[in-house]
There are 2 protein chains.
Amino acid sequence: MTQPTRTRRPTLEDVARQSGVSKSTVSRVINGEPRVRAEVVDRVREVIAELGYVPNQAARQLVTHRTGAVAVVAAQPENRIFLDPFFDRHLRGIRRELARHGAQAVLLFLDEPGDYPRVAEYLGGGHVDGALLFPLRPDDRLPEMIDRIGLPTVFGGRPLLGDGDPVRGQAYVDGDNRGGARQAVRYLVSLGRTRIATVTGPYDQETSAADRVAGYQDVVPDTSAQLIERADYTQRGGADAMAALLDRCPGLDAVFVASDLMASGALQTLRERGRRVPQDVAVVGFDDLREIAESTEPPLTTVHQDVEEMGRLMARLLVDRTEHPDAPALSSVVVPTRLVLRKSA
Amino acid sequence: MTQPTRTRRPTLEDVARQSGVSKSTVSRVINGEPRVRAEVVDRVREVIAELGYVPNQAARQLVTHRTGAVAVVAAQPENRIFLDPFFDRHLRGIRRELARHGAQAVLLFLDEPGDYPRVAEYLGGGHVDGALLFPLRPDDRLPEMIDRIGLPTVFGGRPLLGDGDPVRGQAYVDGDNRGGARQAVRYLVSLGRTRIATVTGPYDQETSAADRVAGYQDVVPDTSAQLIERADYTQRGGADAMAALLDRCPGLDAVFVASDLMASGALQTLRERGRRVPQDVAVVGFDDLREIAESTEPPLTTVHQDVEEMGRLMARLLVDRTEHPDAPALSSVVVPTRLVLRKSA
DNA sequence: ATGAAAGCGCTAACAA
DNA sequence: TTGTTAGCGCTTTCAT
């Protein structure tokens with residue numbers, strides 16, 4: 001109909017003029033401030049609709065210092081992150097919580113080296129109110145860059161501090177990896193198992209892996225190093241680790257495997273070697289990835305984490321921070337796990 | 001060292017004062033303008049580093065009308081998009097091309113109804129210079145919202161126009177679904193096959209599916225409707241469709257299956273029914289998803305699309321548009337496919 | 001080669 | 001309840 005000569009987008013001023021009030025009043029209407037006559041509100045709203053007015057965020061930002069957007073930074077190539085069975089759930093929790101606060105989540109990928117300066121500039125340029133970081137490489141320099149910029153930040157998972165200047169007091173949300181591992185191993189003990197082995201993740205690279213080993217050691221502190229085999233969180237790795245364990249300690253009667261994916265591999269090896277699960281060897285996994293845990297043979301007893309809740313908490317921590325910038329330092333949070341009993345132990 | 005009382009982030013003005021030049025000059029240095037004495041450039045750069053100055057994008061945006069960011073909108077729940085075998089490649093192409101132009105890609109999810117107003121506001125608020133839109137549901141109202149906002153946009157895949165006001169002349173990048181299907185079926189014909197069936201995608205919901213059927217029909221226009229079975233792009237759907245086809249037309253000697261995932265299901269059915277592939281029934285798929293196509297039994301002959309290239313082109317189309325806003329209307333582009341011969345036909 | 005000044009579109013005191 | 005007035009931090013003529 002009205003094909004407005006698309007020359008220039010309407011501004012607050014245009015709306016003000018059209019509705020015969022001041023810019024302030026229009027601003028008040030837009031921001032839903034109470035002290036405006038209902039009549040005027042209606043009039044202004046009409047004009048806004050008629051003109052198709054949309055506030056210019058840059059201008060608004062310039063004075064409010066708020067953008068209404070939060071960056072989620074995935075420091076991995078897309079193809080890796082898309083395979084991460086947890087990332088989508090984290091993201092869902094984040095988006096839900098952010099939405100409750102009217103904030104928009106924007107996802108950034110950090111992959112090639114050339115991405116760093118650009119992402120840092122983006123983050124530092126005031127495009128977002130804060131950042132949620134899934135920094136996965138131990139030596140990542142992004143946290144440091146962000147620190148310089150002074151952008152509120154929350155990590156997904158306890159960050160592994162490099163040997164350099166540790167980024168002090170960074171807030172994070174993590175699952176209770178250590179506690180979960182303890183639950184798992186204690187359960188195995190309660191079953192009367194005495195030779196309990198473990199297949200670990202890459203504990204020098206990921207705190208989750210390190211914490212799970214620590215939890216294991218909390219319960220069976222005097223265990224032989226022979227009973228610990230390190231793998232890489234892959235199925236194949238789990239299978240191989242199990243084989244090595246069996247070679248070294250044929251008498252083992254239980255194994256705590258630090259991820260479900262590795263556990264599915266271990267189960268395979270156990271089957272090939274003719275060990276019955278759980279009769280001969282009891283197996284407990286970690287993660288409770290339903291697609292895996294429910295379809296292994298036998299179904300996997302494993303440690304559950306509420307990943308969506310973790311995402312939600314990350315967002316909440318960040319929002320708290322941005323809304324009360326002067327409040328006491330951020331506290332990190334560790335989300336409890338629970339043991340899900342199936343058939344493998 | 002210098003622990004600057006973190007009160008306020010340094011501004012252009014601070015840098016100017018510190019280096020004893022005017023704001024204009026600092027601005028010139030930052031934007032790499034030529035007409036500045038080298039000596040001054042160095043001095044200013046030093047001060048910038050010292051102060052840890054980062055330009056305020058909001059302020060810059062306000063005058064330049066450019067943000068250096070481009071939104072990629074995925075109109076699907078995270079868990080669906082993360083399963084899409086193509087999305088990560090699209091994204092990679094997009095990110096690469098955008099990076100060449102110094103632009104940052106930000107990914108937005110559009111999932112729950114409540115997301116629409118927020119995303120529209122984000123997109124319209126000037127946070128980004130343009131948007132790349134992925135498969136919206138046929139009745140999606142986002143394109144219309146974006147159109148009102150007047151944001152440059154490119155679609156991934158030819159958009160299915162709703163029955164309402166078609167969003168006129170939207171630019172898109174798509175694979176040559178029709179041409180690819182023709183190649184596949186022609187190849188089958190060249191093999192001497194005469195009873196060529198097809199398993200289609202949901203052609204009333206996705207243009208890719210519709211185009212692939214059309215390509216099939218281009219080559220065998222007089223084929224019986226009995227030889228066409230519709231499925232849903234899933235493996236299970238492909239298996240069922242193949243079964244239905246076999247029941248109706250036991251004499252078929254070839255089948256063009258509109259996706260590799262469905263083709264893997266079809267292959268399974270064929271095996272169960274004792275048909276040899278390709279001797280009894282030749283099979284051609286679509287997509288060339290290596291993980292699937294190379295591991296089926298037998299490996300799948302299929303139509304390849306260069307998805308990363310498609311992503312790259314989307315970005316390029318958008319960038320062209322934002323850099324030359326007054327250039328002639330965007331033209332869409334269709335990327336050629338090629339047939340990859342393996343063992344199934 | 002550099003500076004002064006205007007202004008982008010908005011919000012936030014402060015007045016009225 | 002509403003309007004006036006300053007900026008927010010930057011780029012960009014236009015002078016010099």
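Just so we're on the same page: letters track the sequence lines, and every chain starts at 1. Scope of the values below: all heavy atoms of this structure, side chains included, with no hydrogens, waters or symmetry mates.
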| Selection from C:dT11, D:dC8, D:dT11 that lies nearest to any side-chain heavy atom of A:L62 | D:dC8
| said: Using a strict heavy-atom distance below 4.0 Å, which residues from residues 19-28 of chain A are in contact with DNA chain D? | reply: A:V21, A:S22, A:S24, A:T25, A:R28
| Nearest to side-chain heavy atoms of A:N31, which nucleotide of D:dG9, C:dT11, C:dC10 | C:dT11
| Nearest-Å distance, CD (A:Q61) to C1' (C:dC8)? | 14 Å
| query | Using 30° and 60° as the class limits, which term best fits the ring planes of A:H127 and A:Y122: parallel, tilted or perpendicular? | reply | parallel
| Flag for A:D129-A:T67: side-chain donor and acceptor within less than 3.5 Å | yes
| query | Between B:R95 and A:E112, does at least one N-O distance fall below 4.0 Å, as a salt bridge requires? | reply | no
| remark: When rounded to whole Å, the CD to P distance for the pair B:E13 and D:dC8 reads 9 Å
| request: Would you mind checking if B:R92 and A:D111 are paired as a salt bridge, meaning a charged N to carboxylate O distance below 4.0 Å? | output: yes
| field | Euclidean distance, atom CG of residue A:L12 to atom P of D:dT2 [Å, nearest integer] | value | 16 Å
| request: Determine, for B:R89 against B:E308, whether the closest basic-nitrogen to carboxylate-oxygen distance falls under 4.0 angstrom. | output: no
| said: Using 0.5 Å steps for rounding, measure from the CE atom of A:M314 to the CG atom of A:L91. | reply: 10.0 Å
| query | Taking NZ, NE, NH1 and NH2 as the nitrogens, is one of them in A:R118 or A:E121 under 4.0 Å from a carboxylate oxygen of the other? | reply | no
| request: Could you check how far CG of A:L51 sits from C1' of C:dG9, rounded to whole Å? | output: 15 Å
| task | Considering just the side-chain nitrogens and oxygens of B:N56, establish if one lies under 4.0 Å of OP1 or OP2 belonging to D:dC8. | result | no
| query | Starting at CD1 of A:I30 and ending at P of C:dA12, how long is that distance when rounded to a whole Å? | reply | 12 Å
| query | If each of B:A59 and B:V36 is mapped to the nucleotide of DNA chain C with the nearest heavy atom, which maps nearer the 5' terminus, i.e. the 5' end? | reply | B:V36
| note | From the candidates D:dC10, C:dA1, C:dC10, the one with an atom nearest any side-chain atom of B:R37 is C:dA1
| Once you round it to whole Å, what is the distance between P of D:dT2 and CZ of A:R43? | 14 Å
| message | Just the rounded figure in Å: distance from P of C:dC10 to CD of B:Q57. | response | 19 Å
| query | Base, sugar-phosphate, or nothing: which does A:R35 touch, judged by heavy atoms less than 4.0 Å apart? | reply | base
| said: Using whole Å, what does the distance between atom P of nucleotide D:dC10 and atom CG of B:D14 come to? | reply: 9 Å
